[in-house]
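Data block below; observations after.
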Amino acid sequence: MATEEALPPENPEDTAVQELKKRIADAFEIFDHEANQTVDVREVGTIIRSLGCCPTEGELHDILKEMEEEEPLPYVTFDAFLGVAMKILQEKRYKPALEDQLLKAFQVLDIENNGYLTKEEIEKYMVEEGEPFSTEELEEMLSAAIDPEKGTVIYKEYVPLLVVDDAV
Amino acid sequence: MGCGPSSSADDDSEQQQQPLQKQQKDDGKKHGKQKRSKSPQTGGKDVTDASVEALSIKSALLIQKWYRRYKARLEARRRTTWMIYQSIEYSSEASQLHLLQTESSPQQPQQQHLSPAGSGDPANNRFAERLRQKSLEEEDQELLELTSYEGIQVEKSYRGPHLSFPLSASHVQVLIDSFRQGTQLHSRYLLQLLHEARLLLKTKPNVYQASTSISRQVTVVGDLHGKLDDLLVIFYKNGLPDVTNPYVFNGDFVDRGANSVETAALLFACCLLVWPSAVFINRGNHEDHLMNCRYGFIKEVQAKYKTPANKIVRLFGDTFSWLPLATNIDDKILVTHGGISDKVDMERVQKLDRHQYLSALKPPVSDNENAKVDYKEWRQVLDLLWSDPKPQAGCAPNTFRGGGCYFGPNITEAFLRKHKFSLLVRSHECKPDGWEFCHGGAVLTLFSASNYYEDGSNKGAYAKFDAEGKPHIVQYMASKARKLPVGRRLSTVEEGALKDLRAKVIASKTELTAAFQRFDPDKTGSIRLADWCEAMEQTLRLGLPWRTLRPHLAQLAKDGRLLYMTSFDCVSIQTKLGASAGKEVAGSLTEAVYKNKEELETIFRIMDKDNSGQISLDEFQESCRVLTQATGRQMTEAEVGDMARSMDLNSDGYIDFNEFLEAFRIIDTRKRQEDAAGAQGGSSG
């Protein structure tokens with residue numbers, strides 16, 4: 001862990017900026033396996049999301065483009081990451097939708113208004129529409145979302161699970 | 001200290017999950033922001049249909065990105081949890097080594113003895129005396145007498161497995177069945193078994209030669225750490241050893257887990273004795289008497305065997321020192337527990353006298369004035385058993401653990417080239433998937449104790465090599481936890497890690513409070529978040545992401561500043577001491593003992609010459625004094641005396657130190673607080 005520099009008496013804005021920087025640094029460090037201020041480019045999305053942003057895959061692609069200096073490399077340096085991440089967080093870009101919006105999204109897919117979605121319906125939507133899930137993602141989602149007794153996804157119960165994790 | 005994301009393109013493990021998710025992201029990038037959906041039902045012809053389709057795409061997208069964020073948060077939590085477990089584990093190992101090396105410093109090659117009597121505290125001298133090892137001949141004779149099983153009768157009431165020597169495959173099955181049911185092997189048989197194993201091991205060279213010429217394959221198993229259930233899973237999946245199915249066990253099969261005795265018995269007994277040409281057991285850093293003092297093996301033996309425990313402990317200790325240090329498979333693959341260093345030289349390793357190193361942690365010393373300690377030789381053993389690979393080039397002392405080296409890819413490359421190996425297989429480090437390649441595929445780590453930190457924390461793995469040296473890796477998890485969805489499993493593991501971390505925090509309450517107060521000269525009770533992070537790291541030195549962990553550890557005031565005393569709210573140290581003596585044990589003393597519990601335990605066990613679990617009041621006080629010297633933590637004579645007397649429940653002048661250590665526990669105070677505080681909210685943001 002880097003030691004903190006002594007800060008001059010606080011200007012609240014400065015402090016907020018410093019705090020944000022440190023927050024980003026912490027999140028980055030968790031994925032900096034070689035402890036050399038770089039992360040694998042494939043983990044950038046995970047780090048951005050762990051900081052609270054909710055970009056689509058396409059938006060992630062754009063974020064990465066902003067971070068890459070000239071040619072795309074297999075890793076991203078902390079400096080490149082920091083600049084872009086600061087902007088994203090200060091501008092509050094890619095804010096996650098609220099719980100009821102998520103609920104509504106499920107309701108839209110529930111064409112027959114059953115109050116639940118079947119395994120096949122989830123599979124169809126998640127794998128064929130939007131930015132498709134991989135097999136792994138689908139299986140993991142189903143394992144948590146499917147009600148073991150009914151064999152369906154009762155989304156009203158599932159949505160709070162997705163949201164609760166946000167306590168931090 | 002890991003080597004990067006664990007997916008690797010160069011192995012052909014069946015069980016490896018392809019990084020589909022990552023590939024998927026690549027596809028997303030190539031095809032732009034959103035994929036058009038195929039929508040079989042709606043023809044999409046008129047406007048209403050098109051807008052319904054658009055809406056359903058939008059909804060799917062929302063759910064997907066929400067889910068991916070959820071997954072990302074889980075991944076970040078999982079890694080943080082992992083960091084907590086590892087840093088606590090390794091810092092404990094480091095302080096262990098520091099304790100043992102306080103009196104003798106390996107950096108001074110001139111020093112031949114531990115501090116001679118008369119120099120300094122007699123308590124230290126007695127401690128040093130206990131660590132000293134006698135000469136070979138004396139020891140062998142003494143050992144055989146001391147650990148004889150002849151006088152031990154097997155009672156008629158004994159319902160456990162009976163062994164007769166020479167052992168056969170049917171004995172192995174009997175042992176497996178008995179252990180599975182939780183039956184214990186009689187001390188007589190255990191001792192007999194160990195004697196036989198020891199005799200066999202004495203005939204082995206320092207480096208086993210294993211060949212796949214008959215079997216066409218060989219299986220390598222990593223750390224087991226007393227997890228009998230994992231060993232049984234492996235035997236179930238991969239079959240018992242025999243000439244057509246040879247095994248290499250790469251050390252660390254005792255300590256930490258609950259069935260170290262049974263695991264060792266199964267490995268030595270059945271494997272080694274029944275199929276001596278098909279089973280290769282390497283020594284790990286935990287096959288070491290001094291490690292066993294701290295990490296649970298001796299405790300387990302004492303709890304299970306009581307009176308004969310001393311014999312068993314001594315015999316295990318000696319047998320471990322006869323374990324070879326590495327296995328050479330087909331002159332192509334080297335299997336050793338920790339790793340290598342820039343100093344490790346296989347020719348040297350072949351020639352050294354491995355038996356001298358009863359514990360790899362202390363240089364061997366003899367009473368002979370003229371005998372010199374060969375530090376270069378000792379280094380070979382230490383490096384093989386304790387080193388870790390690292391991504392950066394070069395070779396550096398392994399300060400995280402306190403022993404062995406960190407070796408980089410260039411060191412590996414040079415070593416493999418010099419000795420004409422194509423792969424180094426090692427263990428020693430827990431990996432989430434049970435295995436991990438690094439150094440461009442030149443090093444394979446195998447860890448076979450699943451759920452090592454906590455139920456659900458990690459898988460175990462073993463590797464089957466074919467005659468060409470290609471590995472096939474098999475993963476498993478020996479528990480019910482694997483049936484839970486990822487999120488729930490993570491919560492359990494995470495809670496375990498946080499609990500351990502909070503225990504560390506409370507154990508350093510005095511120091512931390514002082515550190516916090518330095519940032520709060522006006523005694524407002526709150527400090528900046530940045531200051532809290534700095535104080536935590538400087539005091540605890542765990543290298544953890546404190547900012548990320550803050551919500552689990554301390555609360556913020558409404559103005560965003562941190563109420564630092566809330567860091568101590570979740571848990572407290574409870575002591576059952578003093579109840580009988582009617583005296584309160586002072587808070588800071590409780591803290592001192594709890595914080596140094598592991599060190600104290602180590603010292604007690606070393607002092608406990610006859611492995612009875614009891615030490616005299618004097619020895620107890622001496623132990624505390626040794627601890628004070630080693631850690632700098634002050635405990636006054638009066639305090640220690642009071643504590644000692646209050647623990648002498650029988651007033652017979654002896655303390656059962658297991659009971660003593662159990663008396664200091666961490667309890668969760670949150671429930672009490674929640675009840676008391678009523679509607680008081682949790683930490684904000």
Side-chain angles (χ1 to χ4, degrees), chain A residues 1 3-4 7 10 15 18-19 22-23 26-27 29-31 33-36 40 42-43 45-50 53-61 64 96-97 101-102 104-109 125-126 128-137 140-141 143-144 161-162 165-168, chain B residues 2-5 17 19-25 28-29 32-35 37-39 55-77 79-80 83 391-392 485-488 528-531 533-534 537-538 543-548 551-552 682:
Chain A
M1 288 295 290
T3 48
E4 322 254 343
L7 293 173
E10 30 236 75
T15 318
Q18 286 297 327
E19 271 309 311
K22 301 271 164 62
R23 224 186 105 206
D26 260 18
E29 186 173 326
I30 293 173
F31 291 89
H33 305 288
E34 304 184 9
N36 61 358
D40 189 311
R42 293 168 295 180
E43 313 225 75
T46 312
I47 307 176
I48 291 283
R49 286 171 169 142
S50 79
C53 305
C54 201
T56 63
E57 295 290 290
E59 288 164 337
L60 211 43
H61 175 60
L64 263 170
Q101 283 175 297
L102 191 55
K104 254 191 252 170
F106 275 102
Q107 281 166 342
V108 162
L109 301 181
Y125 287 118
M126 293 296 108
E128 293 177 19
E129 308 224 0
E131 290 170 335
F133 272 177
S134 65
T135 320
E136 193 188 333
E137 283 174 308
E140 279 184 7
M141 181 190 190
S143 81
L161 283 183
L162 275 182
D165 173 61
D166 255 19
V168 176
Chain B
C3 294
Q17 285 144 359
L20 280 178
Q21 187 174 349
K22 295 166 181 147
Q23 267 179 18
Q24 208 47 248
K25 282 185 191 170
K29 282 181 214 153
K33 292 196 185 217
Q34 286 176 9
K35 276 201 169 158
S37 77
K38 312 167 206 150
S39 116
L55 188 59
S56 93
I57 293 174
K58 225 176 131 194
S59 301
L61 199 57
L62 183 66
I63 295 171
Q64 285 157 346
K65 74 176 184 179
W66 243 102
Y67 183 76
R68 285 173 171 138
R69 189 175 86 106
Y70 169 71
K71 280 289 298 295
R73 300 288 279 250
L74 284 188
E75 183 60 21
R77 277 169 61 197
R79 302 226 186 198
T80 310
M83 280 173 81
Q392 296 90 356
V486 172
R488 286 240 287 283
R528 293 182 318 167
L529 175 59
D531 297 331
C533 293
E534 186 179 341
E537 181 54 28
Q538 285 196 350
L544 293 173
W546 297 109
R547 216 169 246 87
T548 312
H552 298 290

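Everything numeric here is computed off the predicted structure, so don't read it as measured data. Labels below follow one simple rule: chain letters A, B, ... track the order of the sequence lines, proteins then strands, and each chain is numbered from 1.
Interatomic distance, OG1 of B/Thr548 versus CD1 of A/Ile30, reported as 4.0 Å (0.5 Å rounding). A distance of 9.0 Å separates OG1 of A/Thr56 from CZ of B/Arg68, quoted to the nearest 0.5 Å. Atom-to-atom distance recorded for A/Gln18:CD and B/Leu529:CG is 12.0 Å, nearest 0.5 angstrom. With rounding to the nearest 0.5 angstrom, the SG atom of A/Cys54 is 7.5 Å from the CG atom of B/Leu62. Between A/Tyr125 atom OH and B/Ile57 atom CD1 the span is 11.0 Å, to the nearest 0.5 Å.
In terms of the side chain to side chain donor-acceptor pair (under 3.5 Å) criterion, B/Gln64 has no residue partners (sequence neighbours excluded). Partners of A/Phe106 by ring-ring contact (aromatic ring centres under 6.0 Å, His included), not counting sequence neighbours, listed by chain and number: A/Tyr155.
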task: Please step through side chain to side chain contact (heavy atoms under 4.5 Å, CB included) for the pair A/Met126 and B/Tyr67, ending with a clear verdict.
output: CA-CA 10 Å; A/Met126 293 296 108; B/Tyr67 183 76; over 6 Å; no
message: Does A/Glu131 form a salt bridge (charged side-chain N to carboxylate O under 4.0 Å, His left out) with B/Lys65? I'd like the steps, not just the answer.
response: CA-CA 8 Å; A/Glu131 290 170 335; B/Lys65 74 176 184 179; over 6 Å; no
task: Dump the intermediate steps for salt bridge (charged side-chain N to carboxylate O under 4.0 Å, His left out) on B/Lys58 and A/Glu129, then the final yes or no.
output: CA-CA 9 Å; B/Lys58 225 176 131 194; A/Glu129 308 224 0; over 6 Å; no
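B/Arg547 and A/Glu19 are joined by a salt bridge, as a carboxylate oxygen and a charged side-chain nitrogen come within less than 4.0 angstrom of each other. Here B/Glu75 does not pair with A/Arg49 in a salt bridge; the nearest charged N to carboxylate O distance is not below 4.0 Å. Salt bridge annotation for A/Glu140-B/Lys71: present, with a cationic side-chain nitrogen under 4.0 angstrom from a carboxylate oxygen. Between A/Glu43 and B/Arg79 there is a salt bridge, with a side-chain nitrogen of the basic residue lying less than 4.0 Å from a carboxylate oxygen of the acidic one.
Interface summary for chain A: among B/Ala60, B/Ser59, B/Ala76, the most heavy-atom pairs under 4.5 angstrom belong to B/Ser59. Ranked by heavy-atom pairs under 4.5 Å with chain B, the first of A/Ser50, A/Pro55, A/Cys53 is A/Ser50.
For a residue to count as touching a neighbouring chain, one of its non-hydrogen atoms must lie under 4.5 Å from one of that chain's; by this rule A/Leu109 touches chain B with the side chain only.
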